[in-house]
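One structure is given below, encoded as C-alpha cells.
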Amino acid sequence: MADAALFEFLHTEMVAELWAHHSDPGPGVSAGPRGESGGATTGQKMSLCVLEGMGFRVGQALGERLPQETLAFREELDVLKFLCKDLWVAVFQKQMDSLRTNHQGTYVLQDNSFPLLIRMASGLQYLEEAPKFLTFTCGLLRGTLSTLGIKSLVTASVASLPTCKFQVVIQKT
Amino acid sequence: MAVCVAVIAKENYPLYIRSSPTENELKFHYMVHTSLDVVDEKISAMGKALVDQRELYLGLLYPTEDHKVYPSYLLCRYGYVTNSKVKFVMVVDSSNTALRDNEIRSMFRKLHSSYTDVMCNPFYNPGDRIQSRAFDSMVTSMMVQVC
C-alpha cells in the first residue's frame with residue numbers, strides 16, 4: 001500500500017464533508033441498524049449511512065482481492081481471523097490486537113491504537129466526535145464479510161481514544 | 001483452448017457466459033448448468049471430509065462426453081470456486097491437443113485475477129452481469145480461434 005497517511009487524510013476529509021453536508025435535517029430517513037450514529041438530526045444520520053455504504057463497497061472489493069491466493073476458509077472463525085490479520089494489515093499496516101467471541105455468533109474485535117483515531121487524542125478528549133470516524137471501518141468489515149458469505153451487523157464503540165472495539169454480530173438466516 | 005467460459009455467482013445465476021459462436025450456444029449453456037450440480041457436490045464433500053486444506057481449483061468435473069453433432073469434439077468441463085463462492089466453469093475441447101492440468105490452472109488463475117479487477121471497478125455493482133471490455137478481451141484470448 002502507498003503511504004498510509006494518504007488514506008488517513010482522505011478519510012478525515014470524507015467524514016468532515018459528509019458531516020457538514022446536512023446542517024438542516026434532510027428527508028427523514030431512519031438510520032437503520034447500520035454503523036454508529038452520532039448525530040441528533042436524521043439528516044446527519046443519513047450521511048453516516050452514506051459513509052458506511054462507501055466502506056461496504058470497498059470491503060466487498062477487498063474481500064475479493066485479498067484472499068485471492070489463500071485456500072478456502074473452513075469456518076467462520078477462520079474468516080474472522082483473516083479479517084483481524086490480513087485485512088487489518090492491508091488497510092492499516094498493523095494487526096488487530098484482540099478477538100473475542102461467545103461462540104454464538106458474536107465477535108468483539110479490539111484495536112488498542114486505531115490508526116484513524118491515534119492522531120486525534122489519547123484519553124477522553126473528543127470522545128463524542130470519535131464514533132463517526134469509525135463508521136467507514138464498520139462498513140469495511142461488513143462488506144468484506146458479505147463477500148465471504150457472512151451476513152452481519154457491525155457496530156463500533158470507543159471507551160477512550162485510541163482504543164476502540166468493533167462488535168460483529170452474525171445474522172443467521 | 002476453451003470452447004465456453006462461464007462465471008456463476010454465489011446464488012447460482014450467470015454473471016458472464018460466452019461460448020464459441022459456431023455451435024448452438026444453448027447446448028453449452030445447458031452443459032454449464034448441469035456442471036453446477038457437480039461443483040456443489042464437490043464443495044460440500046470437501047467440507048464434510050474434514051480436509052485441512054481446501055483447494056480453489058476443483059479439477060475435471062465430468063467424464064468426457066462425445067459431441068453428437070458434426071464435427072465431434074471431446075468436451076471436458078473444469079471447475080474452480082473462489083473464496084466468495086463465485087464459480088468459474090470452463091468447457092474445453094481436448095480432441096486436438098491434450099491440455100495439461102497446469103495450463104488449465106493457469107487459465108483459471110487469469111480468470112480469477114480478471115474477475116477481481118472487475119469487482120474492484122467502482123462502476124461495477126456486485127451482482128450485475130459483467131460487461132467489462134477488458135474482461136471480454138481476456139476471455140477472447142483464451143477461447144478457441146474460430147474463423
Side-chain angles (χ1 to χ4, degrees), chain A residues 1-2 6-7 10-11 14 18 34 50-91 136 139-152 170-173, chain B residues 7-13 15-16 39-59 79-88 102 105-128 130 132 134-135 138:
Chain A
M1 282 255 169
L6 295 175
F7 174 63
L10 180 63
H11 181 260
M14 277 180 353
L18 286 171
R34 314 198 224 140
V50 170
L51 193 56
E52 210 258 359
M54 285 160 73
F56 183 77
R57 181 68 185 94
V58 174
Q60 281 185 313
L62 277 180
E64 194 65 54
R65 194 179 275 287
L66 287 180
Q68 202 168 348
E69 292 305 317
T70 61
L71 303 169
F73 296 116
R74 284 205 46 220
E75 44 166 47
E76 226 168 64
L77 195 56
D78 285 339
V79 177
L80 265 296
K81 286 190 201 161
F82 164 79
L83 283 188
C84 293
K85 296 191 183 148
D86 299 310
L87 181 72
W88 230 243
V89 166
V91 183
F136 181 85
L140 187 74
L141 285 169
R142 195 168 66 88
T144 313
L145 282 170
S146 123
T147 319
L148 296 171
I150 300 179
K151 258 177 77 87
S152 59
I170 312 285
Q171 319 261 277
K172 298 267 184 267
T173 44
Chain B
V7 178
I8 318 279
K10 176 166 31 171
E11 294 86 5
N12 286 336
Y13 63 86
L15 290 174
Y16 183 86
V39 171
D40 280 338
E41 217 178 271
K42 291 215 174 199
I43 299 177
S44 55
M46 282 210 269
K48 290 195 190 100
L50 295 178
V51 182
D52 278 336
Q53 311 246 321
R54 283 179 57 182
E55 283 233 327
L56 299 178
Y57 173 67
L58 298 174
Y80 182 99
V81 148
T82 68
N83 269 315
S84 51
K85 302 289 171 289
V86 166
K87 310 163 186 82
F88 301 130
N102 274 336
R105 277 179 201 259
S106 72
M107 283 160 91
F108 272 127
R109 251 197 297 276
K110 270 201 299 190
L111 256 182
H112 192 173
S113 72
S114 294
Y115 174 71
T116 313
D117 288 339
V118 166
M119 195 59 167
C120 293
N121 182 355
F123 297 113
Y124 171 74
N125 294 319
D128 290 350
I130 297 179
S132 148
F135 193 79
M138 191 272 318

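Letters A, B, ... mirror the listed sequences (proteins, then strands); counts begin at 1.
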Subject >> Exercise: identify the closest heavy-atom pair between B/K10 and A/G149 >> reply: NZ-CA, 3.8 Å
**OP:** Report the distance from atom OG1 of A/T147 to atom NZ of B/K85, rounding to the nearest 0.5 Å.
**Re:** 11.5 Å
**OP:** Taking atom CZ of B/F123 as the centre, report whether more than 12 heavy atoms of other residues, nucleotides or ligands fall under 6.0 Å from it.
**Re:** no
**OP:** Among B/N83, B/V118, B/T116, find the one that has a side chain to side chain contact (heavy atoms under 4.5 Å, CB included) with A/E64.
**Re:** B/T116
Subject >> Any residue meeting salt bridge (charged side-chain N to carboxylate O under 4.0 Å, His left out) with A/R65, in chain and number order, not counting sequence neighbours >> reply: B/D117
Subject >> Side chain proximity check, B/P126 to A/R57, heavy atoms < 4.5 angstrom >> reply: yes
